[in-house]
Engineer: 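Dropping the structure in here first, questions after.
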Amino acid sequence: MRHSCAHLLAQAVTELYPGAKPTIGPAIENGFYYDFAMEPIGDEDLKTIEKKMQQLARQNLPVSREEYSDEELLDLFKTNEYKLEIINDKLEDGDASTIYRQGDWYDLCLGPHVPSTAKLMHSRLLSVSTAYWRGDQDRESLVRIYGTVFPDKHMLKEHLQRMDEAKKRDHRKLGKDLQLFHISEKVGQGLILWTPRGSIVRQELQDFIAQELKRQGYSQVFTPHIGKLDLFRTSGHFPYYQESQYPPLVERDLMKKLADEGCTCSELSNLMNEGDIDGYLLKPMNCPHHTQIYASQPRSYRDLPLRLAEFGTVYRWEQSGEISGMTRVRGFTQDDAHLFVTEEQIAEEVLGCIELVQIIFGTLGMDDYRVRVGMRDLDSNKYVGSDEGWDLAEEACRQAAISLGVPFIEEEGEAAFYGPKVDFIVRDVIGREWQLGTVQVDYNLPERFDLTYQGSDGVAHRPVMIHRAPFGSMERFVGVLIEHFAGKFPTWLTPTQAHIITISEKQTEYASKIESELKTAGIRVESDASDNTIGKKIRTHRKMQPAYMLILGEEEESNGTVSIRARSGAQQNGVPLADFIAAIQNEIEQKTVAPSIVSE
RNA sequence: GCCUGUGUAGCAUAGCUGGUAGUGCGGCGGAUUUGUAAUCCGCAGGCCGAGGGUUCGAGUCCCUCCGCAGGCUCCA
């Protein structure tokens, strides 16, 4: 049905814009799109097209399937080079093809389709954008129109409402409303400024994972934000990934000397690429630094696994058009760790990493994720390392994913250039997928840095590295988390856990007494003793989504109690302060996903 | 990076075919002292993203750049 509606869209467009050439128009989740080779159109044009589609739908044109010979097909589409390309590709593969016809319009298609256009009355065009023909940046730019269609009016309306609801939990909007982070044009694109409230969320998450790491025998390390170019030449990141790095920093004296010699920018760049001069790179990842910690001492098999963990901030030059909120940024902090292990330890250690991801996702109630095992693309040569190493590493990842006990898919070509990986992927409110946690096996870097350990046989062996980041990056993770909770964080994560609201200024003193007792108990609290009405104060404070509001009036003051108001509006009056403190401390300690002190 | 949109005070917005900026929230001051989703009055906030151009005159039209949004491409 969605695909049929794409046909209807193409019919409408070709009737309205005679020069437009339809290319492809598949169904996608919740809708469809169709790409046209035509002059760019705007949002207003969508309405016109939409009207035309309704008109065509109302005509109740029967949709029929027709078969033609190859020559006839080529003749039918002779004015549309895109369709010809498709037909020729199909002929090469030996596939037959059919066309579907409605009215005097027809399209190359395998079907199936709805019997008549009357089934397509309830559609809506959503947006117009562009795409490259066959997804190739070097080929023609096409106009892509997105739309959706439902069997009846009611379902269409519901779907559109759902989309509106989803937009309300967009982390970019909530991040602003809840004052969690800020992006300043003056600082730069894709560079996140963590404001005090957002920093609390991040710090709580970091503390949480640090605790788990201690339990699993990790060692905490710290490394600087830059490193010599040579370090990254050895790792293989420079100059081959230059496109996605900030340009290198060159020492002042050297710069001056080169300038005096009349060196041009391109000469400088060449000198750096060839290794004739050195400089420093903002680190695009933490692994090279960690290899040097490993190499700082002779290692024995008894030292392994050596697990080095760091919340390491890295910088990558993402394309300007790809930067988005907190989920795609240019500077971010990975909850990174590198495990140096023997080959026999790979399976167990990969499993340990994956369990860590599961603990985190479980604690936060995130169950809507998928697992992807990224394998190499056998046809590509962008990978480094031996085939045997890759085979072993891929098998280790596969086995770890299997023992995970959740469905996973293997995808060719999704591996890192240095090794296969297991990724945890979640969706944001708009349906886009983001890679969060990742575990990657790497035979390559130990080789490049010539890392060794002495085995029980007294001979030097090569360790294997495992890269892993259960959150992925703090920025992306918190961004996704904001949407996951729609800003209503669990008590342990929420920036302000209790907001104190007084009914009149008579309770100001009582409020500050309660406030200081809560603070002493380690509760993050905010107090409002302004002279606004109680209704107004509740309205205002609700917006910041504290786990609880404590309402204080004459009654509470004389009894030494608090009245607790939950986010839902549910309330419990006259609770002794000590009881509330005990309850909220327990909730924080347990990391309860949904605040539940007040029963509904 | 490419395409299409878009950019008005901290936030949300009005401003038609060009005549030199309104409103709400928030903030500040005052009145009020309130029992669960907006008490009243007053005040201060804008080089209308930046720069250039057309014009007697530009928030409005044109160009360049920057940011943002949706896609595309990319994501070691």
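In this text the structure is predicted, and so the values were computed from the model without any measurement. Note on naming: letters A, B, ... go to the chains in the order of the sequence lines (proteins, then strands), and numbering restarts at 1 for each one.
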Engineer: Does G535(A) reach a base, just sugar-phosphate, or nothing at all? Heavy atoms under 4.0 Å.
Structural biologist: sugar-phosphate
Engineer: Can you see whether T195(A) engages Q179(A) through a side-chain donor-acceptor pair at a distance of less than 3.5 angstrom?
Structural biologist: no
Engineer: If we take the C1' atom in both rG15(B) and rU20(B), what is their distance in whole Å?
Structural biologist: 13 Å
Engineer: Specify the residue among T533(A) and Q137(A) whose closest nucleotide of RNA chain B lies further upstream toward the 5′ end.
Structural biologist: T533(A)
Engineer: Less than 4.0 Å between a side-chain N and a carboxylate O, is that true for K228(A) and D230(A)?
Structural biologist: no
Engineer: When all nucleic acid strands are considered with a 4.0 Å heavy-atom cut-off, which category describes R432(A): base, sugar-phosphate, or nothing?
Structural biologist: sugar-phosphate
Engineer: Which protein N or O atoms sit under 3.5 Å from an N or O of nucleotides 31-33 of chain B?
Structural biologist:
{"from": "rA31(B)", "atom 1": "N6", "to": "D531(A)", "atom 2": "OD2", "distance (Å)": "3.4"}
{"from": "rU32(B)", "atom 1": "N3", "to": "D531(A)", "atom 2": "OD2", "distance (Å)": "2.7"}
{"from": "rU32(B)", "atom 1": "O4", "to": "D531(A)", "atom 2": "OD2", "distance (Å)": "2.2"}
{"from": "rU33(B)", "atom 1": "O2", "to": "E505(A)", "atom 2": "N", "distance (Å)": "3.0"}
{"from": "rU33(B)", "atom 1": "N3", "to": "E505(A)", "atom 2": "OE1", "distance (Å)": "3.3"}
{"from": "rU33(B)", "atom 1": "N3", "to": "E505(A)", "atom 2": "OE2", "distance (Å)": "3.4"}
{"from": "rU33(B)", "atom 1": "O4", "to": "E505(A)", "atom 2": "OE1", "distance (Å)": "2.8"}
{"from": "rU33(B)", "atom 1": "O4", "to": "E505(A)", "atom 2": "OE2", "distance (Å)": "2.9"}

Engineer: Would you find a donor on one side and an acceptor on the other, under 3.5 Å apart, between the side chain of R2(A) and the backbone of I28(A)?
Structural biologist: yes
Engineer: Starting from the 5' end of RNA chain B, give me the residue, Q440(A) or R330(A), whose nearest nucleotide shows up first.
Structural biologist: R330(A)
Engineer: Might you work through the side chain to side chain contact (heavy atoms under 4.5 Å, CB included) test for D177(A) and Q545(A), ending with a clear yes or no?
Structural biologist: CA-CA 10 Å; D177(A) 294 348; Q545(A) 300 288 5; over 6 Å; no
Engineer: Which part of the nucleic acid does Y240(A) contact within heavy-atom distance under 4.0 Å: base, sugar-phosphate only, or nothing?
Structural biologist: nothing
Engineer: Does R172(A) place a side-chain N or O at less than 4.0 Å from the phosphate oxygens OP1/OP2 of rA69(B)?
Structural biologist: yes
Engineer: To the nearest angstrom, how far is E243(A) atom CD from rG1(B) atom C1'?
Structural biologist: 10 Å
Engineer: Between T333(A) and F311(A), is there a donor-acceptor pair closer than 3.5 Å when you use the side chain of the first and the backbone of the second?
Structural biologist: no
Engineer: Using a strict threshold of under 4.0 Å (side-chain N to carboxylate O), is an ion pair present between K421(A) and D442(A)?
Structural biologist: no
Engineer: Using a cut-off of strictly less than 4.0 Å between a heavy atom of the residue and any atom of RNA chain B, enumerate the qualifying residues of residues 192-199 of chain A by number.
Structural biologist: none
Engineer: When the P atoms of rG7(B) and rC63(B) are considered, how many whole Å apart are they?
Structural biologist: 15 Å
Engineer: In terms of side-chain heavy atoms of S320(A), which of rG1(B), rA76(B), rU36(B) is nearest?
Structural biologist: rG1(B)
Engineer: In this structure, how many angstroms lie between the P atom of rC74(B) and the CG atom of D377(A), rounded?
Structural biologist: 13 Å
Engineer: Taking rU60(B) as the reference, what is the distance to rU54(B) when you measure between their C1' atoms (whole Å, please)?
Structural biologist: 14 Å
Engineer: Could you tell me the separation between the NE2 atom of H237(A) and the C1' atom of rC75(B), rounded to a whole number of Å?
Structural biologist: 13 Å
Engineer: Give the nucleotide from the list rG70(B), rG35(B), rA37(B) with an atom nearest to the side chain of I538(A).
Structural biologist: rA37(B)
Engineer: Going by atom types only, do W317(A) and Q242(A) share a side-chain donor-acceptor pair under 3.5 Å?
Structural biologist: no
Engineer: Side chain of S244(A) only, heavy atoms from C-beta on: which candidate in rU39(B), rA76(B), rG71(B) is closest?
Structural biologist: rA76(B)
Engineer: Between the protein and nucleotides 3-12 of chain B, which nitrogen or oxygen pairs come in under 3.5 angstrom?
Structural biologist:
{"from": "rC3(B)", "atom 1": "O2", "to": "T130(A)", "atom 2": "OG1", "distance (Å)": "2.8"}

Engineer: Is a donor on one side and an acceptor on the other found under 3.5 Å between the side chain of S324(A) and the backbone of T327(A)?
Structural biologist: no
Engineer: For RNA chain B, what residues of residues 540-559 of chain A have any heavy atom nearer than 4.0 Å?
Structural biologist: R542(A), I551(A), G553(A), E554(A), E555(A), E556(A)
Engineer: Can you name the atoms? Protein N/O to nucleotides 45-47 of chain B N/O, anything below 3.5 Å, with the distance.
Structural biologist:
none

Engineer: Roughly how many Å apart are rA9(B) and rC48(B), using the P atom of each and rounding to a whole number?
Structural biologist: 9 Å
Engineer: Spell out, as yes or no, whether a donor-acceptor pair under 3.5 Å connects the side chain of Q189(A) to the backbone of I323(A).
Structural biologist: no
Engineer: Considering only atom C1', compute the distance from rC3(B) to rC74(B) and round it to an integer number of Å.
Structural biologist: 16 Å
Engineer: Taking the C1' atom in each of rG35(B) and rA12(B), what is the distance between them to the nearest angstrom?
Structural biologist: 31 Å
Engineer: Which word best sums up how the rings of H541(A) and H499(A) line up, parallel for under 30°, tilted for 30 to 60°, or perpendicular for over 60°?
Structural biologist: perpendicular
Engineer: Quick one: pull up CD in E526(A) and CD1 in I501(A) and give me the separation to the nearest 0.5 Å.
Structural biologist: 8.5 Å
Engineer: Is any side-chain N of the basic residue among E85(A) and R139(A) closer than 4.0 Å to the acidic one's carboxylate O?
Structural biologist: yes
Engineer: Using the P atom as the point on both nucleotides, what is the distance between rG51(B) and rU8(B), in whole Å?
Structural biologist: 16 Å
Engineer: Step through it carefully: locate the ring centre of Y34(A), locate the ring centre of F36(A), and say whether they are under 6.0 Å apart.
Structural biologist: yes
Engineer: Please report the distance, rounded to the nearest Å, between CZ in R328(A) and C1' in rA69(B).
Structural biologist: 16 Å
Engineer: When we call it a touch if two heavy atoms are under 4.0 Å apart, what does G236(A) touch: a base, just sugar-phosphate, or nothing?
Structural biologist: nothing
Engineer: For R316(A) and rC74(B), is the shortest distance between a side-chain N/O and OP1 or OP2 below 4.0 Å?
Structural biologist: no
Engineer: Hey, are T496(A) and R197(A) close enough side-chain-wise for a donor-acceptor pair under 3.5 Å?
Structural biologist: yes
Engineer: Check for me whether the distance between the ring centres of Y294(A) and H338(A) falls short of 6.0 Å.
Structural biologist: no
Engineer: Return no unless some side-chain N or O of Q189(A) is found under 4.0 Å from OP1 or OP2 of rC68(B).
Structural biologist: yes
Engineer: Please tell me which of the listed nucleotides, rA76(B), rC74(B), rU39(B), lies nearest to the side chain of Q319(A)?
Structural biologist: rC74(B)
Engineer: Looking only at heavy atoms, which two atoms of F449(A) and L231(A) are closest? And how far apart?
Structural biologist: CZ-O, 3.5 Å
Engineer: So, D450(A) and R462(A), do they make that salt bridge, N to O below 4.0 Å?
Structural biologist: yes
Engineer: Can you tell me how far apart CE (M53(A)) and CG (L9(A)) are? Round to the nearest 0.5 Å.
Structural biologist: 5.0 Å
Engineer: Determine the interatomic distance between P on rG52(B) and the same-named atom on rA58(B); round to the nearest Å.
Structural biologist: 13 Å
Engineer: Would the number of heavy atoms belonging to other residues, nucleotides or ligands and lying under 6.0 Å from CD of E81(A) be above 12?
Structural biologist: yes
Engineer: Under 4.0 Å between any heavy atoms, over every strand shown, what does Y33(A) touch: base, sugar-phosphate, or nothing? Just pick one.
Structural biologist: nothing
Engineer: From the options rG71(B), rG67(B), rA76(B), select the nucleotide whose nearest atom is closest to the side chain of Y241(A).
Structural biologist: rA76(B)
Engineer: In whole angstroms, how far is the P atom of rA50(B) from the NZ atom of K186(A)?
Structural biologist: 11 Å
Engineer: Got a salt bridge between E165(A) and R162(A), using NZ or NE/NH1/NH2 to carboxylate O under 4.0 Å?
Structural biologist: no
Engineer: Starting at NE2 of H467(A), measure out to SG of C287(A) and round the result to the nearest 0.5 Å.
Structural biologist: 4.5 Å
Engineer: Does RNA chain B take part in any stems of at least 3 consecutive Watson-Crick or G-U pairs (both distances under 3.5 Å), and if so, which ones?
Structural biologist: B:1-7 with B:66-72, B:10-13 with B:22-25, B:27-31 with B:39-43, B:49-53 with B:61-65
